[in-house]
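Structure first, then comments.
Count residues from 1 along the sequence.
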Amino acid sequence: MPVQCSCCGEKRAMLKRPKTGHSVCKDCFFWAFEEEVHETIVSAKLFRHGERVGIAASGGKDSTVLAHVMKVLNERYGYGLELMLLSVDEGITGYRDDSLETVKRNQQQYELPLKIVSYEELYGWTMDAIVKQVGLKNNCTFCGVFRRQALDRGAIMLKVDKICTGHNADDVAETVLMNVLRGDVARLRRCTAISTASEGEAVVPRCKPLKYAYEKEIVLYAYFKKLDYFSTECIYSPNAYRGHARTFIKDLESVRASSIVDIIHSGENLSVREGVKMPVQGTCNRCGYISSQALCKACVLLEGLNRGLPRLGISKHHRLHGKILARQPLTEKEERKLRSENS
Ligand code: SF4
Ligand code: ZN
């Protein structure tokens, strides 16, 4: 017997909401999903009327749903936001070139301006070239550090007041778990924040309107709305550690759907004891980006790439690294040591 929608009681239920277990029709699902994002935006006061907002767009399901829902809500509730898409081209042939085609179609479909910033233009390196040099072990470290800065630089070029990203509840829960397992208190505190205030001139505030949206619901929303998105994984994706955290959370979710928000809430409620030393944010001596060290991570990684020493900035702190970064000459013995570490 067909099940009636538990929300409107009129139409036939088409799906069971992964988040609540309710059987609902398509329209009631769309409405509930959008209203929950609206509720997140309003209760956390994510935007102010008249702001220019860059939507970090990769062409994947999360950012495509984010762009779609932001546009719907901006019109429905008169947020008064000027929305635009901001994409990063990491230079990954066979992956990012294709997903950027999706973003370009989204630009047409949603009639939003689009800006693409590339690693090649910003750093002089594509991820293809970086992988050739560093291999497939630490590539995501380079990519993650460079992306964070690239988004900021793109946002500055677009003169946006804020960037919103497509991080969903599953992503946040995974990050909470990984930071707990690593004992990384500073990151734990940052990863649960729904928005980051500007941490310096070079950083544009970011927020996560999909923070409480379940990945499974994002997939259903994109599927039933027939949104145009790109679903292939990055060809350089070895991120094994996150993969385990992901599988673990999916297992928990299958036993109890609320596990995802429960993990987020516990992350939010963990507080740092008074007197615990936290990194002090300053700015990078070379590029001016925020950094708790004299040089930001991107500058250290870039220096390593440009000198053919890709492990600089990845391997454990080495007293030689300080000398290199200060551009002090090395002895022959020190040179040899570095070469062997990086070969
Ligand atoms: Fe970059 Fe790694 Fe993500 Fe690929 S999987 S886009 S290399 S961070
Ligand atoms: Zn720097």
Side-chain angles (χ1 to χ4, degrees), residues 88-96 117-154 156 178-179 181-187 190 199-203 234-243 277-343:
V88 176
D89 180 359
E90 297 94 342
I92 303 176
T93 316
Y95 167 64
R96 186 56 84 214
V117 283
S118 73
Y119 284 6
E120 187 157 34
E121 95 197 48
L122 294 178
Y123 309 111
W125 285 84
T126 61
M127 272 313 288
D128 287 338
I130 293 175
V131 167
K132 270 205 191 104
Q133 186 170 137
V134 309
L136 281 173
K137 210 160 161 232
N138 297 304
N139 56 308
C140 293
T141 304
F142 285 86
C143 197
V145 171
F146 287 168
R147 185 182 303 107
R148 188 171 152 77
Q149 273 202 17
L151 268 181
D152 277 321
R153 298 210 196 163
I156 290 166
M178 286 165 66
N179 286 328
L181 295 175
R182 288 193 196 113
D184 192 331
V185 191
R187 285 218 175 87
R190 275 203 305 263
E199 295 166 76
E201 264 174 39
V203 180
C234 171
I235 52 169
Y236 301 140
S237 162
N239 217 329
Y241 195 51
R242 182 173 281 275
K277 222 172 134 207
M278 301 289 275
V280 183
Q281 293 289 14
T283 51
C284 169
N285 290 344
R286 195 170 292 172
C287 73
Y289 192 76
I290 49 146
S291 172
S292 51
Q293 307 290 326
L295 287 188
C296 74
K297 189 85 174 161
C299 281
V300 176
L301 292 172
L302 209 49
E303 178 88 15
L305 285 173
N306 291 333
R307 284 172 170 245
L309 304 168
R311 294 195 58 76
L312 189 71
I314 289 185
S315 56
K316 286 264 173 276
H317 185 73
H318 196 291
R319 76 184 168 79
L320 292 182
H321 296 171
K323 263 181 115 174
I324 294 170
L325 296 170
R327 305 222 155 119
Q328 288 165 355
L330 302 183
T331 64
E332 219 174 281
K333 197 171 156 210
E334 288 171 333
E335 277 284 356
R336 265 205 310 278
K337 192 164 182 198
L338 263 180
R339 294 277 156 211
S340 69
E341 191 183 65
N342 281 277
S343 61

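Looking only at side-chain heavy atoms (C-beta outward), Q293 and L295 stay at 4.5 Å or farther from each other. Side-chain contact between L305 and L301 is absent, with no heavy atoms from C-beta onward closer than 4.5 Å.
For S292, there are no side-chain hydrogen bond (donor to acceptor under 3.5 Å, both in side chains) partners two or more places apart in sequence or in a different chain. Residues that satisfy the side-chain hydrogen bond (donor to acceptor under 3.5 Å, both in side chains) test with N139, not counting sequence neighbours, are absent from this structure.
Here NZ of K297 is found 13.5 Å from CZ of R148. Values are rounded to the nearest 0.5 Å. Here CD1 of I92 is found 4.0 Å from SG of C234. Values are rounded to the nearest 0.5 Å. Rounding to the nearest 0.5 Å gives a distance of 8.5 Å between CD of E121 and CG of D89. For the atom pair R96 CZ and T126 OG1, the distance stands at 13.5 Å (nearest 0.5 Å). Atom CG in L122 sits 13.0 Å away from atom CZ in R147 (nearest 0.5 Å). Atom CD1 of residue I235 and atom CE of residue M127 lie 10.0 Å apart, to the nearest 0.5 angstrom.
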- Query: Does the pair R286 and E303 meet the rule for a side-chain contact (heavy atoms from CB on, under 4.5 Å), with working shown?
  - Reply: CA-CA 11 Å; R286 195 170 292 172; E303 178 88 15; 2.5 Å; yes
- Query: Checking side-chain contact (heavy atoms from CB on, under 4.5 Å) for the pair C143/Y119: CA distance, chi angles, key distance, verdict?
  - Reply: CA-CA 9 Å; C143 197; Y119 284 6; 3.6 Å; yes
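Between the side chains of Y289 and D152, at least one donor-acceptor pair of N or O atoms lies under 3.5 Å.
The aromatic rings of F146 and Y123 lie parallel to each other, with less than 30° between the two planes, well short of the 60° mark.
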Which side-chain N or O atoms in residues 130-137 pair as donor and acceptor under 3.5 Å with protein atoms at least two apart or in another chain?
none

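The shortest heavy-atom contact between C284 and S291 is N-CB, 4.0 Å.
A donor-acceptor pair is defined here as one N or O able to donate and one able to accept, closer than 3.5 Å; such a pair exists between the side chain of D184 and the backbone of R187.
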